[in-house]
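Given the structure is predicted, the values throughout are model-derived calculations rather than measurements. Proteins come first, then strands; the chains are lettered A, B, ... in the order of their sequence lines, and each starts at number 1.
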Amino acid sequence: MAKIQAVRGMNDILPGEAQAWLAFEAKVEAWLARYGYQNIRMPLVEHTQLFRRAIGEATDIVEKEMYAWRDELNGEDLTLRPEGTASCVRAAIEHSLLHDGPKRLWYGGPMFRHERPQKGRYRQFHQYGAEALGYPGPDVDAELIVMCAALWRELGLEGLRLELNNIGAPQERARYRADLVRFLEKNRERLDDDARRRMQTNPLRTLDSKNPSVQEVLSGAPTMAAYLGDESLGHFEGLKRLLDAAGVGYTLNARLVRGLDYYNLTVFEWVSDRLGAQGTVCGGGRYDGLFELLGGRPTPAAGFAMGNERLLALVAAASEGEAVQALDAYVIHQGSGTLEYALPLAEALRSRGYRVVLHAGGGNFKAQMKKADASGAALALIVGEDEVRGGEVTLKPLREAREQLRVRKQALVPEFEQAMKKG
RNA sequence: GUGAGAGUAGCUCAGUUGGUUAGAGCAUCGGUUUGUGAAGCCGAGGGUCGUGGGUUCGAUUCCCAUCUCUCACCCCA
């Protein structure tokens, strides 16, 4: 039989790793709560139209990265979510979540993009996202950024750089874009293939070219800043003032545009240089037009999403060897009637909150002792025919040289607590 | 989607200038006195050498294709 493997780019998170995931998730979720963000859980599958409209027809995600299919049962066009913001805003509109004022929300879970996998990039990957809905900013813009800085500190991450840009209002960007395309057209023959292609798909990205001769041409290109009105400039100044006040450093990056169409004004990315080519660990910005685009009332909003795999890669590099979750007790039973005797004892300890494994799968006494040792448990509980006859149970410390003791089974819980305290 | 590198035991890797039963360490399992684990010692299991084809008397080794993984391009979390 040919063996079946996991789908390319979709990885199992095995027990060894899952421990780090649980710890990471606990930290992140506590941190989100501390800033007053409330959890929301959206489906993994949405109508394809949601993403086409929200993210933009001409984006890479919509053009070639979506897991989209037609449901043969009823003819619906469906898509595995490639990101969370569109779903979150859809849910906010659908359930009138902002009827009693603005909301701070967070979500987490898997996202799906059909790209070629590489380091830090997978077809199923995981994000946490935070969205501040109904706030015009720049106060929440600053809050979103400042809270990230706090999380990096808590996770012990160093060397993360904040890149910041102001892409203005949609009309401002459109005028700039038109002028930029005109400029690029005029210099078409001096551009490389890549720049000519981007000129069509995403003209602002042309500015990002790594080709020196293209960069030379671009030095004469119009700049975004000249197209921004007082309101846009004022918003950005306000944000920068708040970041300065919070002591969060940033670097301005005029080429930072981001791949999704819905952004305006503030856009930002947290970047690491320790992750290879996929260095963006968190990205976000303001998207004041998205509610209307999805059929809602005009509503200002901003948010970010962070990539768990990328952050965990940095966490793993930062802290080697997390403590493994250890068992408190491993219960050995050998002989007729001992399992029936041991089972309720194990349950009694578990109901007190202890981690207890009751040996399963047979094996002689010695084999069971070996398993107990290998399990990492602090204590072995031994139940043989002897103990059953006497109404007792033996407690044997496995991690330090202490005498084992035999106790009445009625006294197991207090005696066990005693023994655990000494260890 | 394009390019480059890599696939030998559960893991990390040797190895064969083409030749008989393919190795090590770790891990697993068993033994080392009876109901007592870890170290040491002894032993065992586990590989169609990624898959398919070609060249050859003979292929894990050479050639081709294919799949998978890794990294990079593109783009992004």
Nearest whole Å is fine: how far is [N] [atom2] from [X] [atom1]?
{"X": "A:M369", "N": "B:rU36", "atom1": "CE", "atom2": "P", "value": "9 Å"}
{"X": "A:E400", "N": "B:rA38", "atom1": "CD", "atom2": "C1'", "value": "14 Å"}
{"X": "A:Q278", "N": "B:rC73", "atom1": "CD", "atom2": "P", "value": "7 Å"}
{"X": "A:L379", "N": "B:rU36", "atom1": "CG", "atom2": "C1'", "value": "14 Å"}
{"X": "A:E63", "N": "B:rG1", "atom1": "CD", "atom2": "P", "value": "16 Å"}
{"X": "A:E385", "N": "B:rU36", "atom1": "CD", "atom2": "P", "value": "15 Å"}
{"X": "A:Q368", "N": "B:rA38", "atom1": "CD", "atom2": "C1'", "value": "17 Å"}
{"X": "A:L405", "N": "B:rU36", "atom1": "CG", "atom2": "C1'", "value": "15 Å"}

Q. For A:H114 and A:R310, take the nucleotide of RNA chain B holding the closest heavy atom to each; which residue's nucleotide lies nearer the 5' end?
A.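 First, find each residue's nearest nucleotide; the 5'-ward one identifies A:H114.
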Q) With nearest nucleotides of RNA chain B determined for A:T394 and A:E309 from heavy-atom distances, which residue corresponds to the more 5′ nucleotide? A)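 Mapping each residue to its closest nucleotide by heavy atoms, the 5'-most match is A:T394.
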If the cut-off is 4.0 Å, is [X] near the phosphate of [N], judged by side-chain N/O to OP1 or OP2?
{"X": "A:K366", "N": "B:rG37", "answer": "yes"}
{"X": "A:R113", "N": "B:rC75", "answer": "no"}
{"X": "A:K371", "N": "B:rC29", "answer": "yes"}

Q) Quick one: do A:R350 and A:E347 make a salt bridge, cutoff under 4.0 Å? A) yes
Q) Is any NZ, NE, NH1 or NH2 atom of the basic residue among A:K27 and A:E154 found under 4.0 Å from an Asp or Glu carboxylate oxygen of the other? A) no
Mind checking [X] for me? I need base, sugar-phosphate or nothing, with any heavy atom below 4.0 Å counting as a touch.
{"X": "A:G283", "value": "sugar-phosphate"}
{"X": "A:Y122", "value": "base"}
{"X": "A:K119", "value": "sugar-phosphate"}
{"X": "A:A374", "value": "nothing"}
{"X": "A:N308", "value": "nothing"}
{"X": "A:A372", "value": "nothing"}
{"X": "A:L260", "value": "sugar-phosphate"}
{"X": "A:G335", "value": "nothing"}

Under-3.5 Å donor-acceptor pair between [X] side chain and [N] base:
{"X": "A:R116", "N": "B:rU2", "answer": "yes"}
{"X": "A:Q404", "N": "B:rU36", "answer": "yes"}
{"X": "A:Q118", "N": "B:rC74", "answer": "yes"}
{"X": "A:R121", "N": "B:rC75", "answer": "yes"}
{"X": "A:E115", "N": "B:rA77", "answer": "yes"}

Parallel, tilted or perpendicular: which one describes the rings of [X] and [Y], with boundaries at 30° and 60°?
{"X": "A:W21", "Y": "A:H126", "result": "perpendicular"}
{"X": "A:Y354", "Y": "A:F416", "result": "perpendicular"}
{"X": "A:H114", "Y": "A:Y67", "result": "tilted"}

Look at the side chain of [X] and decide which nucleotide, out of [options], has an atom nearest to it.
{"X": "A:D60", "options": "B:rC74, B:rA77, B:rU68", "value": "B:rC74"}
{"X": "A:R8", "options": "B:rU68, B:rG37, B:rG35", "value": "B:rU68"}
{"X": "A:T280", "options": "B:rA77, B:rA72, B:rG35", "value": "B:rA77"}
{"X": "A:N364", "options": "B:rG31, B:rU36, B:rA77", "value": "B:rG31"}
{"X": "A:R399", "options": "B:rC75, B:rG30, B:rG37", "value": "B:rG37"}

Q.
Give the dot-bracket line for RNA chain B from 5' end to 3' end: parentheses for intra-strand Watson-Crick or G-U pairs under 3.5 Å, square brackets for crossings, | for inter-strand pairing, dots for unpaired.
A. (((((((..((((.....[...)))).(((((.......))))).....(((((..]....))))))))))))....
Nearest-angstrom distance, [atom1] atom, [N] to [M]:
{"N": "B:rC41", "M": "B:rC26", "atom1": "P", "value": "9 Å"}
{"N": "B:rA59", "M": "B:rA22", "atom1": "P", "value": "14 Å"}
{"N": "B:rA24", "M": "B:rG15", "atom1": "P", "value": "15 Å"}
{"N": "B:rG23", "M": "B:rA14", "atom1": "C1'", "value": "7 Å"}
{"N": "B:rG52", "M": "B:rU68", "atom1": "P", "value": "16 Å"}
{"N": "B:rG50", "M": "B:rA9", "atom1": "P", "value": "8 Å"}
{"N": "B:rC57", "M": "B:rC42", "atom1": "P", "value": "46 Å"}
{"N": "B:rG10", "M": "B:rG45", "atom1": "C1'", "value": "13 Å"}

Q: Report the C-alpha separation of A:Y330 and A:K371 in whole Å, then their side-chain angles, then the decisive distance to 0.1 Å, and conclude whether the side chain to side chain contact (heavy atoms under 4.5 Å, CB included) test is met.
A: CA-CA 8 Å; A:Y330 192 100; A:K371 288 265 203 285; 3.4 Å; yes
Q. Between A:Q278 and A:Y122, is any side-chain donor less than 3.5 angstrom from a side-chain acceptor?
A.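 Judged by distance alone, the side chains do not pair up.
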Q. How far does CG of A:L105 sit from CD1 of A:I40, to the nearest 0.5 angstrom?
A. 5.0 Å
(Q) Looking at every non-hydrogen atom in both residues, tell me the closest pair between A:V383 and A:A342 and how far apart they are. (A)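 Between these two residues, the closest heavy atoms are CG2-CB, 4.0 Å.
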Q: Under the salt bridge (Lys or Arg N to Asp or Glu O under 4.0 Å) rule, collect the residues that match up with A:R399, sequence neighbours excluded.
A: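 So A:R399 forms a salt bridge (Lys or Arg N to Asp or Glu O under 4.0 Å) with A:D373.
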Q.
Between A:D386 and A:R389, is there a side-chain heavy-atom distance shorter than 4.5 Å?
A.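 A:R389 reaches A:D386 side chain to side chain.
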